Amino acid sequence: MKFSEFFDIWVNENYYKFGVDIGKKGDFYTNVSVGYLFGACLANYFLKLLRKGEISSSCKVVEIGANSGEMLADFIQGIFTLEPEILKNLEFIIIEPHENLRKKQLETFTKRFGNDVKIRHYKNLNECSFDEIFVISNELLDAFSCEVIDGQNMLFVDSDLKFQWQKADQNLLALAKKFDIKKGEISTSYAKFALQLASAAKKVRFLSFDYGEFEPKNEFSLRVFKDHQVFSLFEISDIEPYFKSSDLTYSLCFRQVKEAFCEAGFKMLNFKKQNEALVCDLGVDEILSLVLEKGSKQAYENAAKQAKFLLSPEFLGEKFKFIEFLKS
């Protein structure tokens with residue numbers, strides 16, 4: 001089978017489908033596992049855009065790739081803290097194809113808000129038809145399947161989970177040439193996703209945080225995370241113990257993402273390092289100042305600790321990138 005099929009079986013049909021423990025108890029850390037601060041910053045950015053008239057008061061908030069729903073819950077808690085009066089007029093939506101994850105997300109919202117906040121679920125973007133949506137995501141795009149190329153060859157996986165290189169098809173080689181990729185991963189899924197997103201609403205603002213660089217690095221980045229240990233996929237002699245039960249991911253080439261979204265009618269508004277986006281756009285300093293003013297010493301120390309993880313280059317601050325698109 002093509003590597004993209006193998007990737008989907010591992011990641012989307014199994015590992016993510018059953019809900020992933022993130023943080024100390026899981027296989028890896030990401031922005032949401034750090035704490036509430038990341039979601040609060042997203043809420044702060046939403047409110048900034050609302051005040052400037054760049055989004056309307058009827059704009060629906062959508063998360064894609066929500067896992068347990070904690071990021072959207074943190075976003076809502078941020079709105080409640082910053083401008084609680086608008087909360088009753090906002091509508092929150094999660095795009096989630098898996099029934100067990102929808103159940104987990106509902107449990108998160110009941111635990112956090114009781115019956116005071118409701119979310120609506122859609123199985124996929126094709127079910128959606130809105131006027132305006134504000135879409136948030138974290139480590140969504142690296143869950144899209146990819147092919148792997150090395151020169152003129154592409155990667156296949158046999159029934160014994162062994163890798164084989166065979167001549168790449170001409171469409172993939174043409175895509176590789178377009179993006180100057182001689183070696184590494186090429187996603188063929190972004191274009192379809194961008195078109196679906198563009199069709200979901202008349203106006204769409206899409207924000208995503210993920211690991212990677214804008215230009216291709218022409219190296220293999222596929223890696224497996226298991227119990228906070230990371231392994232290069234090609235260095236694992238026996239894949240079976242990791243297959244379907246650990247995280248398989250790769251570094252994005254954001255140039256591919258931009259191309260797919262622009263062809264679907266979007267304009268790229270932002271691409272920058274996560275720490276720069278959090279400081280310059282999402283107002284992490286404003287949230288920290290508010291916690292210092294209104295909260296306890298312990299609350300501020302907790303928020304400052306979260307900020308360190310989100311901003312520091314040695315943690316998530318520069319490894320993760322922020323990308324933002326608008327279709328209007």
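Quick caveat: nothing in here was measured; it's all calculated off a predicted structure.
- Between the Glu147 side chain and the Lys2 main chain, no donor and acceptor come within less than 3.5 Å of each other.
- The backbone N or O of Leu222 lies less than 3.5 Å from a partner atom in the side chain of Glu185, making a donor-acceptor pair.
- Taking the charged nitrogens against the carboxylate oxygens, Glu96 and Arg102 have no contact shorter than 4.0 Å, which rules out a salt bridge.
- The backbone N or O of Ser56 sits less than 3.5 Å from a side-chain atom of Glu132, completing a donor-acceptor pair.
- Remark: Glu99 does not engage Lys104 in a salt bridge, criterion side-chain N to carboxylate O under 4.0 Å.
- At distances below 3.5 Å, not a single donor-acceptor pair connects side-chain atoms of Asp281 with backbone N or O atoms of Phe322.
- Side chain of Asp210 to backbone of Asp142: a donor-acceptor contact under 3.5 angstrom is found.
- Ring to ring, Phe163 and Phe156 are not that close: their centroids are 6.0 angstrom or more apart.
- Gln306 places a side-chain N or O within 3.5 Å of a backbone atom of Leu37 that can act as its donor or acceptor partner.
- Across all non-hydrogen atoms, the minimal contact from Tyr250 to Leu141 is OH-O, 3.7 Å.
- In this structure, the side chain of Lys178 does not engage the main chain of Leu173 through any donor-acceptor pair within 3.5 Å.
- Using the six-membered ring where Trp is involved, Phe92 and Phe75 have ring planes that are perpendicular, over 60° apart on the 30 and 60° scheme.
- Side-chain contact between Phe109 and Lys118 is absent, with no heavy atoms from C-beta onward closer than 4.5 Å.
- Ile149 and Leu233 are assigned to two separate hydrophobic clusters, defined by single-linkage of ILVMFWY side chains at heavy-atom distances under 4.5 Å.
- Salt-bridge annotation for Asp74 and Arg112: present, with a side-chain N of the basic residue lying under 4.0 Å from a carboxylate O of the acidic one.
- Proximity of the aromatic rings of Phe134 and Phe46 is defined here by a centroid distance below 6.0 angstrom, and this criterion is met.
- Nearest heavy-atom pair across Tyr36 and Ala303 is OH-CB, 3.4 Å.
- Listed by chain and number, the residues in a side chain to side chain contact (heavy atoms under 4.5 Å, CB included) with Ile9 are Met1, Glu13, Asn14, Phe243, Lys244 (sequence neighbours excluded).
- Shown here for Val224 and Ser246, the closest heavy-atom pair between the two residues is CG1-OG, 3.3 Å.
- Taking the ring centroids of Phe309 and Phe315, they lie under the 6.0 Å cut-off.
- Residues Tyr122 and Phe130 place their aromatic rings such that the two centres sit under 6.0 Å apart.
- Linking ILVMFWY side-chain heavy atoms closer than 4.5 Å, directly or via other members, places Trp10 and Leu252 in a single hydrophobic cluster.
- When side chains are defined from C-beta on, Glu127 does not count as touching His121, because their heavy atoms never get closer than 4.5 Å.
- In terms of modelled atom types and a separation under 3.5 Å, the side chain of Lys305 and the main chain of Tyr300 share no donor-acceptor contact.
- Between Phe231 and Phe225, the gap from one ring centroid to the other reaches at least 6.0 Å.
- Side chains of Thr81 and Ile79 form no contact here, defined as non-hydrogen atoms less than 4.5 Å apart.
- When only modelled atom types and interatomic distance are considered, Glu324 and Tyr45 share a side-chain donor-acceptor pair under 3.5 Å.
- No hydrogens or angles considered: nothing links the side chains of Thr108 and Ser68 as a donor-acceptor pair under 3.5 Å.
- Side chains of Leu82 and Asn44 form a contact here, defined as non-hydrogen atoms less than 4.5 Å apart.
- Gln274 and Leu310 make their closest contact through NE2-O, 3.0 Å (heavy atoms, listed as atom of the first residue, atom of the second, distance).
- Put simply, the side chain of Lys321 does not reach to within 4.5 Å of the side chain of Lys272, judged on heavy atoms.
- Contact record, Ala40 with Ile287: O-CD1, 4.0 Å, taken as the closest heavy-atom pair.
- Contact check for Ile93 versus Ile119: no side-chain heavy atoms found under the 4.5 Å cut-off.
- Atom NZ of Lys327 sits in a crowded spot, with more than 12 heavy atoms from other residues, nucleotides or ligands closer than 6.0 Å.
- A donor-acceptor distance shorter than 3.5 angstrom exists from the side chain of Gln256 to the backbone of Ser187, with no hydrogens or angles considered.
- Summarising the local packing, CG of Asn115 is surrounded by 12 or fewer heavy atoms from other residues, nucleotides or ligands at distances under 6.0 Å.
- Residues satisfying the ring pair (Phe, Tyr, Trp, His ring centres under 6.0 Å) test with Phe271, not counting sequence neighbours, are Phe214, Phe254.
- Distance check: Ile94 CD1 to Lys123 NZ gives 15.5 Å after rounding to the nearest 0.5 Å.
- Checked by atom type, the side-chain pair Ser251/Arg223 shows a donor-acceptor distance below 3.5 Å.
- At least one side-chain heavy atom of Met71 sits less than 4.5 Å from a side-chain heavy atom of Ile136.
- The local environment of CD in Gln298 is sparse, with at most 12 non-hydrogen atoms from other residues, nucleotides or ligands closer than 6.0 Å.
- Looking only at side-chain heavy atoms (C-beta outward), Ser145 and Phe3 stay at 4.5 Å or farther from each other.
- Contact detail for Ala260 and Ala194: the closest heavy-atom pair is O-CB, 3.7 Å.
- With sequence neighbours excluded, the residues forming a salt bridge (Lys or Arg N to Asp or Glu O under 4.0 Å) with Lys202 are Asp131, listed by chain and number.
- The closest donor-acceptor contact from the side chain of Asp160 to the backbone of Lys162 lies at 3.5 Å or more, if one exists at all.
- Between Glu54 and Arg205, at least one side-chain nitrogen of the basic residue sits less than 4.0 Å from a carboxylate oxygen of the acidic one, meeting the salt-bridge criterion.
- Arg120 has a carboxylate O that lies under 4.0 Å from a charged side-chain N of Glu91, or vice versa, which qualifies the two as a salt bridge.
- In this structure, Phe113 has its ring center no closer than 6.0 Å to that of Phe80.
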Q.
Go through it in stages, so that I can follow the logic: the residues are Gln166 and Asn153, the test is side chain to side chain donor-acceptor pair (under 3.5 Å), and I'd like the CA-CA distance, side-chain angles, deciding distance and then a yes or no.
A. CA-CA 5 Å; Gln166 297 179 24; Asn153 296 321; over 6 Å; no
